[in-house]
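The structure appears right after this line, and notes come after that.
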Amino acid sequence: MIQVAHTADVDPATLRAARALLERVFEGDFADSDWEHSLGGMHALAWEGDELVGHASLIQRRLLHRGRALRAGYVEGVGVRADRQRRGHGAAMMDALERIIRSAYDLGALGASDDGARLYEARGWTRWPGPTSAITPEGVIRTAEEDGCIYVLTGAAELDLGGELTCDWRDGDVW
Ligand SMILES: CC(C)(COP(=O)(O)OP(=O)(O)OC[C@H]1O[C@@H](n2cnc3c(N)ncnc32)[C@H](O)[C@@H]1OP(=O)(O)O)[C@@H](O)C(=O)NCCC(=O)NCCS
């Protein structure tokens, strides 16, 4: 069962369980800022009975591209409990979030891990082939280490895939 709810409507115990799940799934490589990036938008929570087995969220960001500040539905905090992977939970959570992206945003975007890339590619997301950068307090700075890891779900926005994609600023990992 997939529960879709805004952060404001997810009870605090479930949010704690989701964060603990992500910390386990990412084997300690999940910082406070990574959790913070997952808040303030819509969560897709995968349940098996009363057990939480997966989490993904969608937040709004601005992505600068060809002189426009696109309204992006940005996917964060995607993880399925290790013993419940490859059973369709990741796909079911993405179904729910992609519906929201298609109806409410100019495009979808995310920064992918290797596992994640396989899931998103299987679902028709496009790896951004052009250069990436971020708007920082010091100005626009290239994020070359992220090139090749950013995926987009194209919607109504006209995109020049060879062009530059620039994300807005935040603490922690910018993409
Ligand atoms: C990425 C992740 C969320 C996928 O969740 P999942 O529930 O296992 O995914 P699904 O079972 O819905 O997979 C759907 C399809 O995606 C593709 N896919 C997903 N994981 C894959 C993998 N590890 N290897 C190859 N293909 C994969 C397959 O096409 C799969 O369909 P199939 O099982 O019929 O072949 C999960 O592997 C995970 O939590 N990984 C660790 C954390 C992480 O990297 N999260 C992503 C951050 S961007």
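Indexing begins at 1, ligand by ligand and atom by atom, following the structure's order. Computed from a predicted model, the values in this text were never measured in an experiment.
- Ligand 1 lies out of reach of A117, whose nearest heavy atom is not under 4.0 Å from it.
- For W35 and H55, the distance between ring centers is under 6.0 angstrom.
- From the protein, the heavy atom lying nearest to atom 39 (O) of ligand 1 is V80 N, 2.8 Å.
- Checking side-chain atoms of H65 against main-chain N and O of E164 turns up a donor-acceptor pair under 3.5 Å.
- Numbered from 1 in the order shown, with element, the atoms of ligand 1 that lie under 4.0 Å from a heavy atom of R87 read 11 (O).
- The CD atom of E27 sits 11.5 Å away from atom CZ of R24, with the distance rounded to the nearest 0.5 Å.
- A cation-pi geometry, defined here as NZ or CZ lying under 6.0 Å from the six-membered ring centre and within 45° of its normal, does not hold between R127 and Y151.
- Proximity of R71 to L63: side-chain heavy atoms (C-beta onward) are nowhere separated by under 4.5 Å.
- If you number the atoms of ligand 1 from 1 as listed, the ones under 4.0 Å from a heavy atom of G111 come out as 48 (S).
- The nearest protein atom to atom 14 (C) of ligand 1, hydrogens excluded, is given as L119 CD1, 3.7 Å; this is a heavy-atom distance.
- For ligand 1 and A122, the ligand atoms under 4.0 Å from any heavy atom of the residue are 29 (O).
- Side-chain atoms of H43 and Q3 include no donor-acceptor pair closer than 3.5 Å.
- Within the listing of ligand 1, atoms 39 (O), 41 (C), 42 (C) sit less than 4.0 angstrom from a heavy atom of V25.
- Considering only non-hydrogen protein atoms, atom 40 (N) of ligand 1 sits nearest to D115 OD2, 3.2 Å.
- No more than 12 heavy atoms of other residues, nucleotides or ligands shown are found within 6.0 angstrom of CD on E158.
- Here is the list of ligand 1 atoms found below 4.0 Å of a heavy atom in G88: 10 (P), 11 (O), 12 (O).
- By the 6.0 Å contact criterion, CZ on R123 is enclosed, its count of non-hydrogen atoms from other residues, nucleotides or ligands being greater than 12.
- Around the CG atom of D29, the shell of radius 6.0 Å holds no more than 12 heavy atoms that belong to other residues, nucleotides or ligands.
- Under the 4.0 Å distance rule, the nearest protein heavy atom to atom 34 (O) of ligand 1 falls outside the cut-off.
- Under the 3.5 Å distance criterion, with hydrogens and angles disregarded, a donor-acceptor pair is assigned to the side chains of T132 and T143.
- Looking at S33 and D171, their side chains never bring a donor and an acceptor atom within 3.5 Å of each other.
- Closest protein heavy atom to atom 38 (C) of ligand 1: Q85 NE2, 3.3 Å.
- Each of the following atoms of ligand 1 lies closer than 4.0 Å to a heavy atom of A91: 12 (O).
- Protein heavy atom in closest approach to atom 3 (C) of ligand 1: V78 CG1, 3.7 Å.
- Among R81, R123, R118, the residue whose heavy atom sits closest to atom 24 (N) of ligand 1 is R118.
- Counting heavy atoms closer than 4.0 Å to ligand 1, residue Y120 contributes side-chain atoms (C-beta onward) but none from N, CA, C or O.
- For atom 47 (C) of ligand 1, the closest heavy atom belonging to the protein is S113 OG, 3.4 Å.
- Residue G79 has at least one heavy-atom neighbour below 4.0 Å for each of these atoms of ligand 1: 39 (O).
- Heavy atoms only, all atoms of each residue included: V78 and L22 are closest at C-CD2, 4.0 Å.
- Of the options G90, A112, A92, the smallest heavy-atom separation from atom 9 (O) of ligand 1 is shown by G90.
- What sits closest to atom 8 (O) of ligand 1 on the protein, heavy atoms only, is R86 N, 2.7 Å.
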